[in-house]
There are 2 protein chains.
Amino acid sequence: MTGTKAISNISIDCIIFSFHNDELHTLLLKWAAGKSRGEWALPGGYVNYDENIDAAASRVLKIHTGLDHVYLEQLKAFGDVNRYPKKRVITITYFSLVKYSDIKVEASESVYEVQWFPVKNHPELIFDHQEILQFGLNRLKQIVRHEPIGFKLLPLEFTLLQLQSLYEAILETKFDKPNFRRKLLKMKLLNDTGKKQENVSHRAANLYKFDLNIYEKLKDKGFTFDL
Amino acid sequence: MTGTKAISNISIDCIIFSFHNDELHTLLLKWAAGKSRGEWALPGGYVNYDENIDAAASRVLKIHTGLDHVYLEQLKAFGDVNRYPKKRVITITYFSLVKYSDIKVEASESVYEVQWFPVKNHPELIFDHQEILQFGLNRLKQIVRHEPIGFKLLPLEFTLLQLQSLYEAILETKFDKPNFRRKLLKMKLLNDTGKKQENVSHRAANLYKFDLNIYEKLKDKGFTFDL
DNA sequence: ACACTTGTAGTCAAAATGACAAAAAGATGT
DNA sequence: ACATCTTTTTGTCATTTTGACTACAAGTGT
């Protein structure tokens, strides 16, 4: 409470998910200073006294990705006594879904090394961050099946196969292509843009757009997105 | 850090759900001392320095219900700057599902008045507790549809109609009786106890028991409980 | 014996699902 | 220009699931 504005025992950690190369990725950073130099960790920071925790999470996210106004949702508070070795710190974790193309990873401060890692193949993480990431993955699996948020990981316009690959990566299953297409189109949540894929060496697929408005309307009428 | 073991800026609040009289209820308590005397609130308390947050939640739950080893899950951390008027306190909320018959409400300390209220008709709550309760209700709606936890609100042995009423209360819908029965029985998660209802002035219904073991096995094989 | 209440079984058309087959649309190479 | 290859897109079909009912069964209470 002297010069610092930060609350010393409450931190924020963010899992930042993106999807590219047919794999789900998460953004990790390597500490360049202090005792934990060289260790990989989730992006994080402390909550300030005059700052709501959601605002703190947004700030942390912005610092590390440059992004604002992104999907960001609280995951869980982790507060085991010894989760942080130096002192008792409870961390409130968030997870965020971003479009890979929106982020330029090299733009971060020089103190950190920042890198995307496939969630199925990433370096060891510091403290309880591995547990946090695992929890986030499970939560993502849950949510993605019952709410149409997968779209936030894709470009605005996408093909049905991209969408399918996304779900296959997250849910760790395979779908039948014609059936997946049928199911999604029947929901009427996708708008045909009329455009087609470009620069592919085969028949170009149609590009679709997710229509949030329609979804909101259907939801009011009792519709629930499922799988 | 002098005489008190409590961390002064991190609290716990619990939503305790139970089901009776065909309605979902939550346990509230009235403060008997201090500035907020006479106001209704969710059961809560502070986290101790040497205590994991989950343990703190269990302790709080036990203090107010006498119950141990109950379904208890973290809901969300609430941390708006001004949520608590006196100072900056972040509260980590939990929700619990208990069997009504397991709890004797009058057993609590004399400083509090403790009472069950239907979630659709309860007094005004202090601070942001109304928001917390609302969030908990929504979360319950979500979870109950995709995981078989509704059973934790019922006696060990229950009739299909009790189960149906429970779901109707939580989800705020009506189901067709024969269809609901068909669906649930097809899941094979209910064991017929052979016993029947007693002391009812009509045909006695069969009593069933939820089989957690079978559920775990099916889940491993990819089964998901749905609605 | 009768009505009354609630539980339980069964019917039936419509919709959804899962497993395919086949046609269509480009791109590429000869 | 043509055949070939790849991926998209459209269809088919048997099976399962759903939703809306009807009918029957088992008890109570009069």
Side-chain angles (χ1 to χ4, degrees), chain A residues 20-22 144-146 148 154-155 157-169 171-210 218 221-227, chain B residues 20-22 144-146 148 154-155 157-169 171-210 218 221-227:
Chain A
H20 53 279
N21 301 338
D22 268 14
V144 111
R145 291 199 45 206
H146 309 296
L154 291 178
E157 305 186 338
F158 49 84
T159 69
L160 284 168
L161 187 59
Q162 281 178 310
L163 189 61
Q164 182 179 340
S165 306
L166 170 67
Y167 279 104
E168 289 180 342
L171 298 174
E172 303 180 274
T173 24
K174 287 284 173 194
F175 294 104
D176 173 87
K177 212 193 310 189
N179 292 343
F180 183 84
R181 147 191 237 79
R182 177 178 53 184
K183 182 158 194 172
L184 266 290
L185 290 180
K186 195 159 34 197
M187 291 185 186
K188 304 278 183 194
L189 296 176
L190 300 184
N191 280 339
D192 189 335
T193 64
K195 300 184 207 167
K196 295 206 175 293
Q197 247 180 339
E198 279 172 19
N199 303 320
V200 284
S201 67
H202 56 263
R203 175 174 178 183
N206 228 313
L207 290 170
Y208 291 90
K209 221 172 175 171
F210 172 67
L218 288 178
K221 288 180 190 159
F223 167 84
T224 53
F225 181 87
D226 252 303
L227 217 131
Chain B
H20 53 280
N21 300 338
D22 267 14
V144 112
R145 291 200 45 208
H146 310 296
L154 292 177
E157 306 186 338
F158 49 85
T159 70
L160 285 167
L161 187 58
Q162 282 177 311
L163 188 61
Q164 181 179 341
S165 305
L166 170 67
Y167 279 104
E168 289 180 343
L171 299 173
E172 303 180 273
T173 22
K174 287 285 173 193
F175 294 104
D176 174 88
K177 215 191 310 189
N179 291 344
F180 183 84
R181 147 191 239 75
R182 177 178 54 184
K183 183 158 195 172
L184 267 290
L185 289 181
K186 194 159 34 198
M187 292 184 187
K188 305 277 182 196
L189 295 176
L190 300 184
N191 279 339
D192 189 334
T193 64
K195 299 185 207 166
K196 294 205 175 296
Q197 249 180 337
E198 279 172 20
N199 303 319
V200 284
S201 66
H202 56 265
R203 177 175 176 182
N206 228 313
L207 289 171
Y208 292 90
K209 222 171 174 168
F210 172 67
L218 288 178
K221 287 180 190 159
F223 167 85
T224 53
F225 181 87
D226 252 303
L227 216 132

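All figures in this text were calculated on a predicted structure; none of them were measured in a lab. Sequence lines set the chain letters: A, B, ... in the order given, protein chains first and strands last, and positions in each chain run from 1.
One can place CG of A/Asp226 at 16 Å from P of D/dT17, the figure rounded to the nearest angstrom. As a whole-Å value, the separation of A/Phe158 CZ from D/dT8 P is 15 Å. To the nearest angstrom, C1' of C/dC20 lies 16 Å from CZ of A/Arg181. Put simply, CD on A/Gln162 is 14 Å from P on D/dT7, counting in whole angstrom units. Here D/dT8 presents its P atom at 12 Å from CG of A/Leu207, a figure rounded to the nearest Å. As a whole-Å value, the separation of B/Asp176 CG from D/dA23 C1' is 14 Å. Rounded to whole Å, atom P of D/dT18 lies 13 Å from atom CZ of B/Phe180. The distance between atom CG of B/Leu163 and atom P of C/dT8, rounded to the nearest whole Å, is 13 Å.
Of all non-hydrogen atoms in A/Val144 and A/Tyr167, the two that sit nearest each other are O-CE2, 3.6 Å. Of all non-hydrogen atoms in B/Lys209 and B/Glu157, the two that sit nearest each other are NZ-OE2, 4.2 Å.
The backbone N or O of A/Leu207 sits less than 3.5 Å from a side-chain atom of A/Thr193, completing a donor-acceptor pair.
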side-chain contact (heavy atoms from CB on, under 4.5 Å), that's the test. Do A/Phe175 and A/Leu227 meet it? Break it down for me.
CA-CA 11 Å; A/Phe175 294 104; A/Leu227 217 131; 3.1 Å; yes

Any N/O pairs under 3.5 Å between the protein and nucleotides 11-18 of chain C? List them or say none.
residue : atom : partner  : partner atom : Å
C/dT17  : OP1  : A/Lys183 : NZ           : 3.4
C/dG18  : N7   : A/Asn179 : ND2          : 3.4
C/dG18  : N7   : A/Arg182 : NH2          : 2.7
C/dG18  : O6   : A/Arg182 : NH1          : 3.0
C/dG18  : O6   : A/Arg182 : NH2          : 3.4

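Side-chain contact between A/Tyr208 and A/Phe210 is absent, with no heavy-atom pair separated by less than 4.5 Å. For the pair A/His146/A/Thr224, no side-chain contact is recorded, criterion being any heavy-atom separation below 4.5 Å from C-beta on. Residues A/His202 and A/Gln197 have side chains in contact (heavy-atom distance under 4.5 Å, counting atoms from C-beta outward). Residues B/Asp226 and A/Arg145 meet the side-chain proximity criterion, which asks for heavy atoms closer than 4.5 Å.
Neither OP1 nor OP2 of C/dT6 sits under 4.0 Å from any side-chain N or O of B/Lys177.
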Heavy-atom contacts, protein to nucleotides 22-30 of chain C, under 4.0 Å, summarised as B (base), S (sugar-phosphate only) or - (none) per nt, yield --BBSS---

Side chains of residues 179-190 of chain A: which donor-acceptor pairs under 3.5 Å do they make with residues two or more places apart or in other chains?
residue  : atom : partner  : partner atom : Å
A/Asn179 : OD1  : A/Arg182 : NH2          : 3.0
A/Asn179 : ND2  : A/Asp176 : OD2          : 3.2

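Residue contacts for B/Leu161: at a heavy-atom cut-off of 4.0 Å it reaches the sugar-phosphate backbone alone, with no base atom in range.
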